[in-house]
Amino acid sequence: MLPARTAVPPAGGPILDPDEPEAIQKLRREIHTVRVSLIRAAQRLGYDHENGLVKQVLYRLNLAEKLKAPWRKGKRPDPALAAAREAERLEVHHGPRAPLGFTVKMMLIGLTGSGKTQLIHSLLSAGGVGGPLSSGADGQEEPPCKLVDPFDGATKKVEVVSGTVHGIRVVCIDTPGLVASASATATNGRSLQQIRKAYNSHKPDLVVYVDRLDATARAGGELPALKVLSDNLGAGLWLNTIVALSHAGTPPPCGPKGQMSFDQYANQRSHVLQQVIRAASGDDRLMNPTAFVESHPGCALNGSGQAVIANGMPWKAHLYLMIVSAKLLADTENMLQMQDGSQKGSASAGAHAAAMMGGMGMAPPRTLPLPYLVSSLTQFSRPLKYPDHDLVLDVRMMESALKKTSEPRGARDLARAIKGRLLQLRQAHANKERMQRSFRNATLAGGKVTPEPPSLATRRPPSVHPPGSFRYRVPEPAGGWIVRPHIESHGMDNSDGIEGLYLEKSAVARRSTELEPPPKESKASASKQKDAGFAGGAAAGSSGSGGKSAAGKASGGGRRGGRQRSSADKLLGGVPFHHYVSAQVTKEAKTVQARTEASLYHDPLGNTTTTLSADVQTCGGGAGVPLDALVTARADLRRRGVLGSHGKATLGVVACRVAEAGRPHVGPAAAGVRLQQTCGLSVWRGAPGKLSMCAAVMGPLPGAGGQAPPGMAPGAVQMDGGAGGGPDRALCAGANAELMAELQGIFRTRESLPLTLGANAIRYRGEIMAGLACAMQYRTSKSEMVGGRLTLSSKSRAGLSVKIKSQDKWWAGLVAMALPLGTLLLQSLGLMR
């Protein structure tokens, strides 16, 4: 029998599996060719395959290959290393000037005077990328870059300029500039007509939006022009667009704290422009790659003759690498046939490639945040309680004891205690109903129930911020829906600051028969019943049945449907539930959250309970982009008396899904299980303690991927980093433990001295994230308290917080400030990193 054939890294060419079909092998060869072209272009620009941008593009190419043809035979050797070896061999054999076999066609758009034409001349001129490696259409070396006239050099019509740089054929489409003014509608209309015609005829691979880095006076004034550009060419224009900020060789301006650094100034300028592009495209998730350029012929050069910007970085090589990466990603998308059926051209293909491979300008595919979900599962939970939970359980425990006792005197005392507790419950329930009825009647009649007015004046200067405790103080009806506003904490003084609202309701769902008042009895029947009860109790002294008689009278003595009901159930029996809905609109996003939770008590004493909950949270989306929703359903079963009389064990299951565009049947899904145990123990020297432990594991469900694009099999969308149906699916496991101890008896302090120790860990895809925490608090008096908390993380992070509360010792605040001020001092002296 011959041994099985395995994939061996070849001396040249892609890594293939001999058992795969010929179509899959052809696909791997084509993607390998793209990798080789990328690495060869990067080497000619002065980079290697270990560069950050190159590694990012190689990763996306590898991901695209996994989505189309996952490797099914063990661990595959790194295809990037094989491509790097072949790229080096081809460079040695053909030389650095040999054509790479592809053409980059890009269109430059932007406002007038931003430097589009000058950038084209600089990109296609000789030098600037490590030597005279540019040539014209006839193969002759181009002269050095010429300067465009700043007054008469404006482009009036679309021009196409081509050249060859490092063996890469570059075709640049220069367009007329737009005017950032609402009054220039006619001028922009003529320019947009030419741009739209050139965009549809030339079908560029990518678009380069050019703007000035030092143009800070517009403050979003270019939004109307970009909005019109998006309306004419489509919002998909920005999905495969590179932003180039010109005049990056000028020094940055002065800020509030003196001269700004170039990196700080560039980040601020690019962030502002990105916000404008998002507003023009209607996609809040858009993130365009940004390049900083300086195309003036007299710009600064480094020792190698390369044009550099203000921070000394060679900009031409970096921009060329970004352009080549965008082009090759678009070609890969075309090769994998992921473009839509309308065949909108290579620009549209590049947009879909970016969307599917996490490419330029689009967010990654829908994913499930498994570490976040597991972290929420490991948090300790308990069932919901009744409004008077302790009183209800006292009644039920006394009723249970009453049924078991045989002593007449003890049964009589328990019956009287039960009647007293039930009287308290009835009075509390009646007061609650009376308050709700009064509030409802007053509201319907047009009256206003106002709280006690504040002691300070309600009219104040506009610069004085009103107190938040009274600003939106409203009465809250007990047992009904509570509506509160979302208030922006850093809003303007004269604005209301309301960004949304949230609704909350906690109540008990019960049958209407449980709320019916007990039937009224006449005085004669009540007297007879009382005499019969005492007589039965006396007669039970010899027969042993008086306890049961007293128990029957105390608990109501009636049967409904053949089942003895508790008196406490008539008042507060049922299912406690909690509803929560929140809606908030900010400048960045629109979020909606909803949660509902209910607890079922399977026995009167609450030894076995079931808690059901459902959560819905929106994510992503924007103007014109549908919102996704993270839907989570969970069920927990808790049982008392496990691992000790005070032990409580909880077993839970959870299922979640990212509902794409709000459709619950489309999107990646996952399921998990959790186990929680709580028990009481003695820590040291008889000090009471409580140990809580929780563990959870969660993983993606097979065949539950997101909506597949055209040309892909369903279920093949990436789910949290793994290919659909492939071997890369991974489970996420987590654990959490907490020990709470009371040290008052050990140290013999006057007040309580609680100590809390916690530890948690999460393992996902071979990486372990762990943390430790320790907290202690001591209250010296009613108005003074001292507390501290120490946290340690596996990410080499530590935190220490000290909290001192006092009304008399004002100097305690200065002592508490010593730690952060000392840390800043040591960092400024270089003694602490």
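Everything quoted here is computed from the prediction, not taken from an experiment.
- Between K690 and T678, the shortest heavy-atom contact is CE-CG2, 3.3 Å.
- Around CZ of R382, the count of heavy atoms belonging to other residues, nucleotides or ligands within 6.0 Å does not exceed 12.
- With hydrogens and angles disregarded, no donor-acceptor distance shorter than 3.5 Å links the side chain of S375 to the backbone of P371.
- L321 CG to Y47 OH: the interatomic distance, rounded to the nearest 0.5 Å, is 6.0 Å.
- The two atoms that bring T378 and A696 nearest to each other are CG2-CB, 4.0 Å, heavy atoms only.
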Item to complete: Show the numbers, then the answer: is there a side chain to side chain donor-acceptor pair (under 3.5 Å) between H486 and S582?
Response: CA-CA 9 Å; H486 277 292; S582 172; 2.8 Å; yes
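- Atom OG1 of residue T33 and atom CG of residue D331 lie 11.5 Å apart, to the nearest 0.5 angstrom.
- Judged purely by atom type and a 3.5 angstrom limit, N267 uses its side chain to pair as donor or acceptor with the backbone of D263.
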Practice prompt. Could you walk me through whether R278 and D283 pass the side chain to side chain contact (heavy atoms under 4.5 Å, CB included) test, one step at a time?
Written response: CA-CA 5 Å; R278 288 176 178 176; D283 188 357; over 6 Å; no
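- Not one N or O on the side chain of R484 forms a donor-acceptor pair closer than 3.5 Å with the backbone of L503.
- In terms of heavy atoms, A291 sits closest to M322 at CB-SD, 3.9 Å.
- Salt bridge status for R29 with E22: present, with a side-chain N to carboxylate O gap under 4.0 Å.
- Contact check for L286 versus I277: side-chain heavy atoms found under the 4.5 Å cut-off.
- L206 approaches A326 most closely through the heavy-atom pair CD1-CB, 4.1 Å.
- Panel note: side chain Q676, backbone S381; a donor-acceptor pair is recorded below 3.5 Å.
- Using a 4.5 Å heavy-atom threshold, the side chains of S325 and L38 count as touching.
- By the side chain to side chain contact (heavy atoms under 4.5 Å, CB included) test, E597 is found to be paired with L384, R595, T611, S613, residues two or more places apart in sequence or in another chain being considered.
- D636 pairs in a salt bridge (Lys or Arg N to Asp or Glu O under 4.0 Å) with only one of the listed residues (R639, R638, R634), which is R634.
- Two residues are said to be in side-chain contact when any heavy atoms from C-beta on lie closer than 4.5 Å; V208 and T241 fail this criterion.
- Between I768 and S794, the closest side-chain pair of non-hydrogen atoms is not below 4.5 Å.
- Of all heavy-atom pairs spanning Y502 and P485, the tightest one is CE2-O, 4.0 Å.
- The backbone N or O of G574 sits less than 3.5 Å from a side-chain atom of Y386, completing a donor-acceptor pair.
- With sequence neighbours excluded, the residues forming a ring-ring contact (aromatic ring centres under 6.0 Å, His included) with F577 are H579, listed by chain and number.
- From I39, atom CD1 reaches atom CG of N51 across 11.0 Å, with rounding to the nearest 0.5 Å.
- The environment of CE in M740 is sparse: at most 12 heavy-atom neighbours from other residues, nucleotides or ligands sit within 6.0 Å.
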Fill in: Evaluation steps, side chain to side chain contact (heavy atoms under 4.5 Å, CB included), between V697 and C732
CA-CA 6 Å; V697 62; C732 183; over 6 Å; no
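- Residues L377 and M698 form a side-chain contact, since some pair of their non-hydrogen atoms from C-beta on lies under 4.5 Å apart.
- The side-chain heavy atoms of R674 and T650, taken from C-beta on, include a pair separated by under 4.5 Å.
- At distances below 3.5 Å, at least one donor-acceptor pair connects side-chain atoms of N288 with backbone N or O atoms of W238.
- By the neighbour-count criterion of 12 heavy atoms within 6.0 Å, atom CZ of F380 is densely surrounded, having more than that number from other residues, nucleotides or ligands.
- A donor-acceptor distance shorter than 3.5 angstrom exists from the side chain of Q677 to the backbone of V642, with no hydrogens or angles considered.
- Judged purely by atom type and a 3.5 angstrom limit, S599 has no side-chain atom pairing as donor or acceptor with the backbone of P383.
- The backbone N or O of D205 lies less than 3.5 Å from a partner atom in the side chain of N240, making a donor-acceptor pair.
- We find the CG-CG distance between L691 and L739 to be 6.0 Å, quoted to the nearest 0.5 Å.
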Item to complete: Please assess L757 against E738 for the test side chain to side chain contact (heavy atoms under 4.5 Å, CB included), listing each intermediate value before the final yes or no.
Response: CA-CA 6 Å; L757 300 175; E738 184 179 75; over 6 Å; no
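- Looking at I242 and I323, their side chains come closer than 4.5 Å, going by heavy atoms from C-beta outward.
- The side-chain heavy atoms of P79 and R35, taken from C-beta on, include a pair separated by under 4.5 Å.
- For the pair T618 and T591, the tightest heavy-atom approach, listed with the atom from each and the gap, is OG1-CA, 3.4 Å.
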Item to complete: Please step through side chain to side chain donor-acceptor pair (under 3.5 Å) for the pair T609 and H602, ending with a clear verdict.
Response: CA-CA 6 Å; T609 59; H602 300 284; over 6 Å; no
Discussion item. R28 vs E65, test: side chain to side chain contact (heavy atoms under 4.5 Å, CB included). Steps then yes/no.
Written reply: CA-CA 7 Å; R28 298 193 190 280; E65 186 177 358; 2.7 Å; yes
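- Taken from CG in L368 to SG in C656, the straight-line distance is 5.0 Å, to the nearest 0.5 Å.
- With rounding to the nearest 0.5 Å, the separation of CZ in R60 from CG in L328 is 13.0 Å.
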